[in-house]
A.B. asks: 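Got a structure here, written out as structure tokens. Questions coming.
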Amino acid sequence: MAYNLLKGKKGIIFGALDEKSIAWKTAIKAYEEGAQLILTNAPMALRMGTIHELSKKTGDAPVIGADATSVEDIQNLYDTARNHFDGGVDFILHSIGMSPNVRKGKPYGDLNYEWFQKTLDVSGLSFHKIMQVAEKLDIMNEWGSIVSLSYIAAQRTFPDYSDMAQAKALLESIARSYGYRMAKIKKVRVNTISQSPTVTTAGTGVGGFDVFMEYAEKMSPLGNATANDCANYCIVMFSDLTRKVTMQNLMHDGGFSSSGMTEDMVEYLRKK
Ligand code: NAI
């Protein structure tokens, strides 16, 4: 059911690779809620993924290639957005994550440091870049909203998450620092949503992901939040109903982060 929460709003969605992507589900819902969109992903992902299908489902939203680590690509993206929308942007979703160390199964005690820098650049620093370029080009409309997606490994250790944990800590810190700045400059809010483990290309790339999901499911009184649940939360954060929420890391995990032990887990362990 749609509520017209984003009627007349214009947004840029980074990171829809395929229909499992959180960004994909968010784009579909944003369109249903009345938004006009521009879709973007890394040039390689445009070739490998199915983003053009998403475009068809979202009112032929333009698809613009941009490597989120490249300031020039982001500038080009925003210039195109300004022309297309004939003005500024009301919301941005940064839904980007990648670690070469995780992809190639490097143990935490034997990380490749060039890859580590790549992890930080793609998954953390790119969030700063999309905001710094937005500020310089004055692309955000007043009372706009910028959201990125994080994971609880920023606060607590999950062994196979490796250097992505540092990238998420960086991401959440950037949300606070740039959130302050964006609020002062343009009344724009900046938040991260810390999402449950979710079956996507990035998610399943982490070692032991299936066990991880089952553990989180049992440790979350409401169960894991799905990609669709996450998309709904993003919509609320883009809407005018959350204008004073900023500089927060918002837990979206069915209660996982506040649970020490659950009956489901006790029952599971007793049966073993
Ligand atoms: P996904 O694999 O569908 O999305 C990741 C996206 O990052 C892809 O579209 C990929 O092309 C894009 N990307 C990678 N390098 C890029 C670059 N240089 N420039 C532009 N885009 C680039 O997976 P998912 O799960 O939808 O990931 C979205 C976000 O959600 C990520 O930040 C991820 O860390 C976060 N997240 C995911 C969870 C999960 O379990 N799937 C849990 C918590 C957070």
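As the structure lists them, so they are numbered: ligands from 1, and atoms in each ligand from 1.
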A.B. asks: Would you say that more than 12 heavy atoms from the other residues, nucleotides or ligands in this model lie under 6.0 Å from the CZ of Arg243, or not?
C.D. replies: yes
A.B. asks: With atoms numbered from 1 as shown, which atoms in ligand 1 lie under 4.0 angstrom from a non-hydrogen atom of Gln195?
C.D. replies: 42 (C), 43 (C)
A.B. asks: Mind checking whether Ser150 has an N or O less than 3.5 Å away from an N or O of ligand 1?
C.D. replies: no
A.B. asks: If I apply the N/O under 3.5 Å rule, does Ala23 come out as touching ligand 1?
C.D. replies: no
A.B. asks: Find all atoms of ligand 1 within a distance of less than 4.0 Å from any non-hydrogen atom belonging to Lys168, and give their numbers and elements.
C.D. replies: 31 (C), 32 (O), 33 (C), 34 (O), 35 (C)
A.B. asks: Using the ring centroid of each side chain, check whether Phe127 and Tyr178 are separated by less than 6.0 Å.
C.D. replies: no
A.B. asks: Touching ligand 1 at all, Ser126? Heavy atoms, strictly under 4.0 Å?
C.D. replies: no
A.B. asks: Are any of the N/O atoms on Val122, whether in the backbone or the side chain, positioned under 3.5 angstrom from an N/O atom of ligand 1?
C.D. replies: no
A.B. asks: Which ligand 1 atoms, with their elements, are less than 4.0 angstrom from a heavy-atom of Gly15?
C.D. replies: 4 (O), 6 (C), 8 (C), 9 (O)
A.B. asks: Does at least one non-hydrogen atom of Ser196 fall below 4.0 angstrom from an atom of ligand 1?
C.D. replies: yes
A.B. asks: Using 4.0 Å as the upper bound for N to carboxylate O, is an ion pair formed by Lys218 and Glu214?
C.D. replies: yes
A.B. asks: With heavy atoms under 4.0 Å as the rule, classify the contact between Thr200 and ligand 1 as side chain, backbone, both or neither.
C.D. replies: side chain
A.B. asks: Regarding Asn101 and Thr119, do their side chains bring together a donor and an acceptor under 3.5 Å, going by distance alone?
C.D. replies: no
A.B. asks: Once side chain to side chain donor-acceptor pair (under 3.5 Å) is applied, do any residues pair with Gln166, and if so which ones, sequence neighbours excluded?
C.D. replies: Tyr108
A.B. asks: Would you mind checking which non-hydrogen protein atom is closest to atom 22 (C) of ligand 1, with the distance to 0.1 Å?
C.D. replies: Ile96 CG2, 3.6 Å
A.B. asks: We want to know whether Asn249 and Thr192 form a side-chain donor-acceptor pair, criterion being a heavy-atom distance below 3.5 angstrom.
C.D. replies: yes
A.B. asks: What residues, two or more places apart in sequence or in another chain, satisfy salt bridge (Lys or Arg N to Asp or Glu O under 4.0 Å) together with Arg82?
C.D. replies: none
A.B. asks: Heavy-atom contacts with Pro197 under 4.0 Å: which atoms of ligand 1 show up? List them by number with element.
C.D. replies: 40 (O)
A.B. asks: Determine, for Glu172 against Lys168, whether the closest basic-nitrogen to carboxylate-oxygen distance falls under 4.0 angstrom.
C.D. replies: no
A.B. asks: Do the side-chain N and O atoms of Thr80 and Asn83 include a donor-acceptor pair separated by under 3.5 angstrom?
C.D. replies: no
A.B. asks: Please state which option from Thr40, Asn41, Ile130 has its nearest heavy atom closest to atom 11 (O) of ligand 1.
C.D. replies: Asn41
A.B. asks: Out of Ser95, Ala225, Ser194, Gly203, who is nearest to atom 29 (C) of ligand 1 when you count heavy atoms only?
C.D. replies: Ser95
A.B. asks: Would you say Met164 and ligand 1 have an N/O pair spaced under 3.5 Å apart?
C.D. replies: no
A.B. asks: Please write down residue, atom name and distance for the protein heavy atom closest to atom 40 (O) of ligand 1.
C.D. replies: Thr198 N, 2.7 Å
A.B. asks: Sub-3.5 Å donor-acceptor pair from the side chain of Ser21 to the main-chain atoms of Asp18, do we have one?
C.D. replies: yes
A.B. asks: At a non-hydrogen distance cut-off of under 4.0 Å, which region of Ala45 contacts ligand 1 (side chain, backbone, both, or neither)?
C.D. replies: side chain
A.B. asks: Out of all atoms in ligand 1, which are within 4.0 Å of some heavy atom of Asp67? Include the element for each.
C.D. replies: 17 (C), 18 (N), 19 (N)
A.B. asks: Do Phe238 and Glu33 have side chains that get closer than 4.5 Å, going by heavy atoms?
C.D. replies: no
A.B. asks: Before accepting this row, confirm whether a basic side-chain N of the pair Asp163/Lys106 lies closer than 4.0 Å to the acidic partner's carboxylate O.
C.D. replies: no
A.B. asks: Counting only nitrogen or oxygen atoms and a 3.5 angstrom limit, does Ile22 reach ligand 1?
C.D. replies: yes
A.B. asks: Just which atoms of ligand 1 are under 4.0 Å from any heavy atom in Phe209?
C.D. replies: 40 (O)
A.B. asks: Quick check on contacts: which atoms of ligand 1 are under 4.0 angstrom from a heavy atom of Leu149?
C.D. replies: 29 (C), 30 (O), 32 (O), 35 (C)
A.B. asks: To the nearest 0.5 Å, how far apart are NE2 in His94 and OG in Ser150?
C.D. replies: 10.5 Å
A.B. asks: Can you tell me which portion of Ala227 lies within the under-4.0 Å heavy-atom range of ligand 1? Options are side chain, backbone, both, or neither.
C.D. replies: neither
A.B. asks: Out of all atoms in ligand 1, which are within 4.0 Å of some heavy atom of Ala42? Include the element for each.
C.D. replies: 17 (C), 19 (N), 20 (C), 21 (N)
A.B. asks: Could you tell me the residue and atom name of the protein heavy atom closest to atom 2 (O) of ligand 1, and the distance to it rounded to 0.1 Å?
C.D. replies: Ala202 N, 3.0 Å
A.B. asks: Does Ser21 reach ligand 1 with a nitrogen or oxygen that is under 3.5 Å from one of the ligand's nitrogen or oxygen atoms?
C.D. replies: yes
A.B. asks: Establish, from distance only, whether the side-chain atoms of Asp67 and Thr69 form a donor-acceptor pair under 3.5 Å.
C.D. replies: yes
A.B. asks: At what distance, to the nearest 0.5 angstrom, does CD1 of Ile22 lie from CD of Gln195?
C.D. replies: 5.0 Å
A.B. asks: Starting from atom 19 (N) of ligand 1, find the nearest protein heavy-atom neighbour and note its residue, name and distance.
C.D. replies: Ala68 N, 2.9 Å
